[in-house]
Engineer: 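Before we start, here is the structure in question, set down as structure tokens.
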Amino acid sequence: MDFKSNEKKWQEIWDKEGRYKAVDFSDKPKYYILVEFPYPSGSGLHVGHTPSQIAMDIVARKKRAEGYNVLYPMGWDAFGLPTENYAIKNGISPIKATSDNIASFKNQIKSLGISFDWSREINTTDENYYKWTQWIFLQFYKKGLAYKATANINWCPNCKTGLSNEESEGGVCERCGTPTVQKPKTQWMLKMSEYAEKLLKGLDDTNYLENIKIMQKNWIGKSEGTLVHCKLESGETFDIFTTCIETIFGITYFVLAPEHELVKKLKDKIKNYDEVEKYILKTSSKSEFERTQMLKEKTGCLLEGIYAINPVNGKKVPVYISDYVLAGYGTGAVMGVPSHDQRDYDFAKVAGLAIIEVISGGDISEKAFEKTEYLGKGCTLVNSDSFSGLTVEEAKVKLNEYLEKKGLGKKINTYKMRDWVFSRQRYWGEPVPLVYCEKCGWVPVPDDELPVTLPKVDKYKPSDDGESPLSLIEDWVNTTCPHCGGKARRETDVMPNWAGSSWYWLRYIDPHNDKEFASLEKLKYWNKVDLYNGGGEHVTRHLLYARFWHKFLYDNGFVLNPEPFDRRVQQGIILASDGSKMSKSRGNVVDPLKYVREYGADVTRLAHMFMGDYVEAKPWREDTMKPCERLLNRIVALSDRVVKDKSDENKTILAQSIKKVSEDIDGLKFNTAISQIMVLTTALEKASVVSEEDYKVLLSLVCPFAPHTAEELWQELDFGGRVDDSWPTYKEEDLKAGQVEIAVQVNSKIVARVMINPDDSQENILNTIKTSDTLKSYLDGKQIVKEIYVPARLVNLIVK
RNA sequence: GCCGGUGUGGCGGAAUGGCAGACGCACGGGACUUAAAAUCCCGAGUUCGCAAGGACGUGUGGGUUCGACUCCCACCACCGGCACCA
């Protein structure tokens, strides 16, 4: 049989039957498998996309055989820059470009025989989809979690245009090479920081891989510390945040972020304001890239005539501004303790400031004695008034108590995670559904007028003032205020790429609902995603955004559980065969269809999975095609030998194979599952009898990997029912073989191998071995001081 | 710098503290064939040896153990993420 020629046939049968449609409210237990939906780019589906879809397909097919009602859907995350740029360049509409790309992606996926439920296909650029993206945004707005604020955008002074982070990588404009600058712009923000603690805590209720949890934790970046109220000599107050309150007596200066509000307030009191203003200007023109390049050299500017008071000892110290203090983190102001913080140390050296040791046990003549070195070592405070002599740990507690009692400060937590800049000055994204009215201010578009659709234009170009291209489309921008009916203008920013993917798994649950994004009944039935597979590059962005939206929806009663995904796994990235990243621009993209045409879908699927450990990154290689083709050929050839007789000749290897393949699929160890299928095939080839029952097990096990071939053979042999009707089971007692070979060691060195019956008693086995001829020379005249028996594995005799 | 991960034959990769190298690729030998392809059988970690057999072997150096790829300590290399986070 040539299995390749039957693949199309089975794909059509599955389609026609709707075999893989997930059934809402079925009595079967449900299992929801999600694989990240692709961005339908012009370069087509490539082998970077396929491993995860194939792997999850294998899990889905196995789960269905086990009796689960499996939801395994697919869709398209189609808004985004590449399509927009492609459309501008070629003068076509992004809508057309998107639908062309989707058609080709879909064709590629279908030819691999992936069992997606296509009746639930979604597309983030579909009006019926982004209607709900906009609706959810408005819920954020109505709860006060969407707000306008000034944030920086990357700006090319030459092209006079705003750039995405991708377009300004390395700090230069992608188009003209001019260094980009940061330009402040009013933008929509989502108050993600309000969910920092919930996002952190919620991780405990998930089964993500441990490294994924750690990455998210690091990104959220919780710090426990102390907020301290400080005063200037002239009476103004400001707060600082520190995680090292024990070093507060070591303050020799304070530093404010250049953007700190106090700086402007003090304008009249700062003697060198000209100089200060210059420094601020210099900082603000620096790009993010430049600022991170400045790791070593510390710069700053003294605020002449300004002094601050150390709240714990009343000491008068100078105040600086410096760009190593970030406005957006903590309070935008820090205490300078050069003795115990390396950055402060560097700054103090440059500025010629005093360095006072307050934690004993280190050497501060060359560098700071930092918390990573002194924590947990029993170091004590010095030069700290009544707190001197306490250990660091004691001092932390006592100082916090002291500050709290005196009203000088309190314990707080801060987070590195910032609010989400939710505006893009682009065309190809979801319009932000708000209008601005001179009288009423920002007014949400009423629900019954959603979606606010993108104006369909033949051609458009980016504006040259940093505004969205939409701002040039006058008859779209001008509208009436939903509130007062007066003249109003639409928001012209669109949402970022990440918007549509922040809730898409909910839409699969109820994709055609035009009353709600999904009904509560269906949400209740499907509950959460049981298994979510995606790329490592999405762990800190998409995965966090998605959890944020979900938690917000949960808090407002729109979904029924606080976490969207139970188990999160990731596939290793597939690189080009030379180890470089696969991309259209490098011209090293590998099309899976090439292999489907040459070897068929089943071989291609097997080869993908046999390439190595699923979770490890690896270069694409095609030398796994042939052995997988050989495996299927052998299984086909074996069908000629199948007889109706019963036989338990193969029961051990069958039981072992069922166990191994089942466990390996659950554990995503697809390569070793295929190895086991190879081992089983070899065993059946060598067996004197291959019974129908034996062969059925083989087909069932191979079915998730090579479904077309398994179906075809099952039908050809007229086994009745379907190959994927059930998943084979085994008896525990069949796992053990009657006789096994074990190793015999003397003083931990292997001296012999013997066959034993593993059910025999330890005493018997040891006696037989000790008295055997082969061991004689090793044991004669020696005394056995210790005997070790590892059941069914080895015997180790320690002699003297 | 910080946080993760990974280091095993010529190659991809297997191994609940218990026979390292399963299963494959490539390779060598053989069978079938006029020949090739396909298929099948056999061999193979490295090294010394004609052989029997020996020595050495999971990044490096130590340690725990009857026994370590696996556990502990120190280090090296590569990959990924974060990066002036107070």
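Every chain is numbered from 1, with letters handed out A, B, ... down the list of sequences. Scope of the values below: all heavy atoms of this structure, side chains included, with no hydrogens, waters or symmetry mates.
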Engineer: With a 4.0 Å cut-off, would you call A:K669 and A:E663 a salt bridge?
Structural biologist: no

Engineer: Quick check for you: among B:C19, B:C85, B:C23, whose closest atom lies nearest to any side-chain atom of A:E741?
Structural biologist: B:C19

Engineer: Looking at B:G18, which nucleotide sits across from it as a Watson-Crick or G-U wobble partner, both distances under 3.5 angstrom, or is there none?
Structural biologist: B:C66

Engineer: Apply the test salt bridge (Lys or Arg N to Asp or Glu O under 4.0 Å) to residues A:E224 and A:K396: give CA-CA distance (whole Å), side-chain angles for both, the deciding distance (0.1 Å), then the verdict.
Structural biologist: CA-CA 11 Å; A:E224 294 176 29; A:K396 266 190 196 292; over 6 Å; no

Engineer: Tell me which residues in residues 747-762 of chain A put a heavy atom below 4.0 Å from RNA chain B, sorted by number, or none.
Structural biologist: A:S748, A:K749, A:I750, A:R753

Engineer: Determine which nucleotide pairs with B:G80, using a 3.5 Å limit on both distances of a Watson-Crick or G-U wobble pair.
Structural biologist: B:C3

Engineer: For the residue pair A:T242 and A:C244, what are the closest heavy atoms and their distance?
Structural biologist: OG1-N, 2.9 Å

Engineer: Please report the distance, rounded to the nearest Å, between CG in A:L631 and P in B:C23.
Structural biologist: 13 Å

Engineer: Just checking A:D613: base, sugar-phosphate only, or nothing, at a heavy-atom cut-off of under 4.0 Å?
Structural biologist: sugar-phosphate

Engineer: Between A:M609 (CE) and B:A14 (P), how many Å, whole number?
Structural biologist: 14 Å

Engineer: When you measure from the side-chain N and O atoms of A:N671 to the phosphate of B:A14, is any distance below 4.0 Å, counting only OP1 and OP2?
Structural biologist: yes

Engineer: Donor-acceptor pairs are to be reported for all side-chain atoms of residues 784-795 of chain A against protein atoms at under 3.5 Å, with residues two or more places apart or in another chain.
Structural biologist:
{"unit_1": "A:E787", "atom_1": "OE2", "unit_2": "A:K770", "atom_2": "NZ", "d": "2.5"}
{"unit_1": "A:Y789", "atom_1": "OH", "unit_2": "A:A792", "atom_2": "N", "d": "3.3"}

Engineer: Syn or anti: how is B:G9 classified when any glycosidic angle within 90° of 0 counts as syn?
Structural biologist: syn

Engineer: Specify the separation, in whole Å, of atom OH of A:Y345 and atom P of B:A86.
Structural biologist: 21 Å

Engineer: From the options B:C25, B:G18, B:C84, select the nucleotide whose nearest atom is closest to the side chain of A:P627.
Structural biologist: B:C25

Engineer: Can you see whether A:F347 has A:K298 sitting over its ring - NZ or CZ less than 6.0 Å from the centre and within 45° of the normal?
Structural biologist: no

Engineer: For nucleotides B:G54 and B:G59, find the distance between their P atoms and express it as a whole number of Å.
Structural biologist: 26 Å

Engineer: Can A:T247 and A:Y374 be counted as having a side-chain donor-acceptor contact under 3.5 angstrom?
Structural biologist: no

Engineer: Going by modelled atom types, is there a donor-acceptor pair between the base of B:C66 and the side chain of A:N796 at under 3.5 Å?
Structural biologist: yes

Engineer: With respect to the side chain of A:T672, which nucleotide from B:C85, B:A15, B:C23 is positioned closest?
Structural biologist: B:A15

Engineer: If pairing requires Watson-Crick or G-U wobble contacts with both distances under 3.5 Å, which nucleotide is the partner of B:A55?
Structural biologist: B:U46

Engineer: Rounding to a whole Å, what distance do you find between A:R621:CZ and B:G13:P?
Structural biologist: 7 Å

Engineer: Let me know the distance between CD1 of A:I220 and C1' of B:C85, rounded to the nearest Å.
Structural biologist: 15 Å

Engineer: What is the pairing partner of B:A74, taking Watson-Crick or G-U wobble pairs with both distances under 3.5 Å in any strand?
Structural biologist: B:U60

Engineer: Enter the distance from A:L668:CG to A:D613:CG here, rounded to the nearest 0.5 Å.
Structural biologist: 9.0 Å

